[in-house]
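Naming: A, B, ... by sequence-line order, numbering from 1 per chain.
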Amino acid sequence: NAGVTQTPKFRVLKTGQSMTLLCAQDMNHEYMYWYRQDPGMGLRLIHYSVGEGTTAKGEVPDGYNVSRLKKQNFLLGLESAAPSQTSVYFCASRPDRGSETQYFGPGTRLLVL
Amino acid sequence: GQSLEQPSEVTAVEGAIVQINCTYQTSGFYGLSWYQQHDGGAPTFLSYNALDGLEETGRFSSFLSRSDSYGYLLLQELQMKDSASYFCALRDQAGTALIFGKGTTLSVSS
């Protein structure tokens, strides 16, 4: 099993450009999460999904959209990137409500100029 | 909402014991988790406390007191490889979202 994978690993955007970050998991997990990590701020939850076709807002959802059309994939979209969205983005998955462990992907480093 | 407070940095020497504290504010939650993150890496799960008391996993132990809104991670027999950031995290009352503290950077020296 590859576990949780994220594409791309690194990206540079100009202000106003759009992009989609892809998270894929091959563990048949129900729950998936998107976090951003900034120096001194820890991990902040952007959006999450408790199953295929469902999404919910986390702590810092503004400026981001998500979709979970397939159970194994969770997409994070930036419609109009801003320098404040420069961050490391981590995706995580979790088997179900009865399991406490979240499995994280390797992260995507995004730089918005 | 939920918030968690933990020290930003802790230093210790090899072989020592270190305790990383976490205090929280929440209207209700499922339990307290701890994650480890090495520099440049992904967070990995260490432990979880659903109930008050101590949970032990090898050299690491975690404690929760719901009445005091307090928990801690105890690392024994410290090794250089334990140098990392450690995050406490709350699972919300619905059992879905996991909210993290800002993390504690542990530096272990020889």
Side-chain angles (χ1 to χ4, degrees), chain A residues 2-7 9-10 21 23-25 27 29-51 54-61 66 68 74 87-109, chain B residues 1-9 20-27 29-51 55 57 60 62 64 71 73 84-106:
Chain A
V4 181
T5 58
Q6 293 183 231
T7 310
K9 288 184 172 56
F10 176 70
L21 283 68
C23 176
Q25 54 94 5
M27 299 175 284
H29 288 177
E30 290 294 330
Y31 293 8
M32 296 186 75
Y33 304 84
W34 275 108
Y35 292 87
R36 61 176 290 174
Q37 185 172 34
D38 304 293
M41 296 299 293
L43 291 143
R44 291 183 290 171
L45 182 63
I46 304 172
H47 286 281
Y48 63 97
S49 168
V50 299
T54 74
T55 63
K57 294 181 180 180
E59 301 171 272
V60 290
V66 288
R68 183 102 181 266
F74 195 27
S87 189
V88 180
Y89 292 86
F90 285 99
C91 175
S93 71
R94 176 183 171 212
D96 51 42
R97 197 163 180 265
S99 172
E100 196 45 48
T101 306
Q102 285 188 194
Y103 300 85
F104 282 81
T108 293
R109 293 182 180 276
Chain B
Q2 298 169 306
S3 65
L4 303 99
E5 294 289 332
Q6 49 183 130
S8 59
E9 294 182 9
I20 299 174
N21 298 320
C22 175
T23 57
Y24 58 84
Q25 290 186 325
T26 181
S27 56
F29 73 110
Y30 250 59
L32 189 70
S33 298
W34 288 91
Y35 281 75
Q36 178 191 59
Q37 184 182 32
H38 285 99
D39 198 29
T44 56
F45 174 80
L46 285 178
S47 68
Y48 173 68
N49 293 74
L51 304 173
E55 293 284 340
T57 308
F60 295 177
S62 58
L64 176 63
L73 179 69
S85 292
Y86 293 85
F87 297 88
C88 58
L90 282 177
R91 180 71 67 190
D92 68 2
Q93 201 166 16
T96 52
L98 187 65
I99 306 300
F100 284 80
K102 294 183 179 180
T104 298
T105 300
L106 171 64

Quiz item: Does the ring pair (Phe, Tyr, Trp, His ring centres under 6.0 Å) test come out yes or no for A/Tyr35 and B/Phe100, once each step is laid out?
Solution: CA-CA 10 Å; A/Tyr35 292 87; B/Phe100 284 80; 5.3 Å; yes

Practice problem: Identify the two heavy atoms, one from A/Phe90 and one from B/Gln37, that lie closest to each other, and give their separation to 0.1 Å. | Solution: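 Heavy atoms only, the tightest pair is CZ-NE2, 3.5 Å.
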
Quiz prompt | Exercise: do A/Glu59 and B/Gln2 side chains pair donor with acceptor under 3.5 Å | solution = no

Quiz item: Out of curiosity, B/Ile99 CD1 to A/Arg44 CZ, how far, rounded to the nearest 0.5 Å?
Solution: 11.5 Å

Quiz item: At a heavy-atom separation under 4.5 Å, does A/Leu43 approach chain B through its side chain, its backbone, both, or neither?
Solution: both

Quiz item: Of the non-hydrogen atoms in A/Arg109 and B/Gly40, which two are nearest, and what is the gap between them?
Solution: NH2-CA, 4.0 Å

Self-check item: Check: A/Arg97 side chain, B/Thr96 main-chain N or O, donor-acceptor pair, under 3.5 Å
Solution: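 Not a single qualifying donor-acceptor pair exists.
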
Exercise. Taking all non-hydrogen atoms of both residues into account, name the closest pair between B/Ala42 and A/Pro106 and its distance.
Key: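 It is CB-CA, 4.4 Å.
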
Exercise. For A/Tyr48 and B/Leu98, indicate whether the former's side chain and the latter's backbone hold a donor-acceptor pair under 3.5 Å.
Key: no

Self-check item: Side chain, backbone, both or neither of B/Ala89 within contact of chain A (heavy atoms, under 4.5 Å)
Solution: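 Neither the backbone nor the side chain of B/Ala89 comes within 4.5 Å of chain A.
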
Quiz item: Do A/Phe104 and B/Tyr35 have their ring centres less than 6.0 Å from each other?
Solution: yes

Quiz item: For the candidates B/Pro43, B/Ser85, B/Gly95, which exhibits the highest count of non-hydrogen atom pairs separated by less than 4.5 Å from chain A?
Solution: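 Option with the greatest count: B/Pro43.
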
Self-check item: Residue selection (most heavy-atom pairs with chain B, distance under 4.5 Å) from A/Gly40, A/Ala92, A/Gly42
Solution: A/Gly42

Quiz item: What closest approach, in Å, do B/Arg91 and A/Tyr33 show between heavy atoms, and which atom pair accounts for it?
Solution: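 So the minimum-distance heavy-atom pair works out to NH1-OH, 3.3 Å.
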
Quiz item: What distance do A/Ser99 atom OG and B/Tyr48 atom OH have between them, rounded to the nearest 0.5 Å?
Solution: 10.0 Å

